[in-house]
Amino acid sequence: MPVPPVAAPRATRVRWWPAAVPVLVCGPLLAALVAVTAAVHGAPFAPDQAVHGWVMAHRPAWAARAAVAVTVTGSGIPAYLLAALAGALAVRAAWWRGALVGALALVSVQLPRIALASWLARPRPPAADWAWTASGYAMPSGHTTTSAAVAVLLTAGVHRTVRGRARRALLVLPALWAAAVGASRVYLGVHWPGDVLAGWLLAAVWAGLLGVFLLLRRRRKTSTGRPTEVQPIEGEVT
């Protein structure tokens with residue numbers, strides 16, 4: 001009798017929709033924030049002015065120096081090195097390729113940020129209030145968006161690689177660092193709080209879209225897999 005074909009185990013269905021939650025929640029919030037900011041031509045809102053005024057009254061020199069030390073890690077070379085590290089952690093078998101992917105992923109969030117900032121053209125707080133240098137338009141905050149995106153990449157890299165007791169702490173640290181970078185921008189007087197909020201929302205939308213893309217790609221690979229069949233030998237009997 002011929003031997004019946006043996007089907008491969010059924011692949012687990014990859015659920016992509018949970019990754020879309022940040023897009024569905026933060027996307028409308030970002031759109032609303034951008035719309036109301038554009039409606040007033042970038043003028044600061046009452047909460048912006050209140051927080052900025054409090055900062056001006058509570059910013060000793062030592063605290064400003066500490067904020068500078070935090071803020072410089074959230075952009076430029078430090079941020080791209082951290083993104084490359086995150087990619088290398090996620091793709092340990094070919095760490096150099098993972099590092100390149102991590103850096104390119106960070107580039108992908110800069111394009112919509114720059115386009116949105118250029119379109120809004122929101123002015124920063126008065127330069128006399130700055131405790132550090134700054135350039136470009138205010139919303140969304142570049143340092144905030146960049147550090148939040150890096151935090152997402154680092155969290156993914158740690159989740160994929162690290163095991164044991166240190167894992168929980170290492171999963172929390174990127175978010176705390178990104179929050180500190182965003183807060184430092186307001187504390188240094190170079191951004192309104194709304195600019196930082198827009199940066200966090202934009203990074204959340206980017207992370208959701210990236211997650212959906214990766215999960216759909218994985219699902220496509222899983223669904224196109226072909227079951228392996230054992231061909232019977234002609235004339236074989238049992």
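- No donor-acceptor pair closer than 3.5 Å links the side chain of Ser118 to the backbone N or O of Ala115.
- Side chain of Asp129 to main chain of Met56: no donor-acceptor pair is present (N/O by atom type, distance under 3.5 Å, no hydrogens or angles).
- Contacts of Pro174 classified as side chain to side chain contact (heavy atoms under 4.5 Å, CB included), with partners at least two apart in sequence or in another chain: Ala151, Leu154, Thr155.
- With hydrogens and angles ignored, the 3.5 Å screen pairs a side-chain donor or acceptor of His58 with a backbone N or O of Trp54.
- Under a 4.5 Å side-chain heavy-atom criterion applied to ILVMFWY residues, the cluster that includes Leu81 comprises Ile77 as well.
- A donor-acceptor pair under 3.5 Å is formed between the side chain of His191 and the backbone N or O of Ala138.
- Side chains of Trp206 and Ser108: a donor-acceptor N/O pair is present below 3.5 angstrom, by distance only.
- No side-chain donor-acceptor contact under 3.5 Å links Thr71 to the backbone of Val68.
- Side chain of Arg167 to main chain of His159: a donor-acceptor pair is present (N/O by atom type, distance under 3.5 Å, no hydrogens or angles).
- Judged purely by distance below 3.5 Å, without hydrogens or angles, the side chains of Arg122 and Thr37 never pair a donor atom with an acceptor atom.
- Checked by atom type and distance alone, the side chain of Arg160 pairs as donor or acceptor with a backbone atom of Ala90 at under 3.5 Å.
- The shortest side-chain heavy-atom distance between Leu106 and Val109 falls under the 4.5 Å cut-off.
- In this structure, CG in Leu33 is found 7.0 Å from CZ in Phe45, a value given to the nearest 0.5 Å.
- Between Leu89 and Trp95, the closest side-chain pair of non-hydrogen atoms is not below 4.5 Å.
- Here Tyr137 contributes atom OH and Leu120 contributes atom CG; the two are 10.5 Å apart, rounded to the nearest 0.5 Å.
- In this structure, Thr133 and Val190 approach most closely via the heavy-atom pair O-CG1, 4.5 Å.
- If you check the side chains of Ser147 and Trp177, you find no donor sitting under 3.5 Å from an acceptor.
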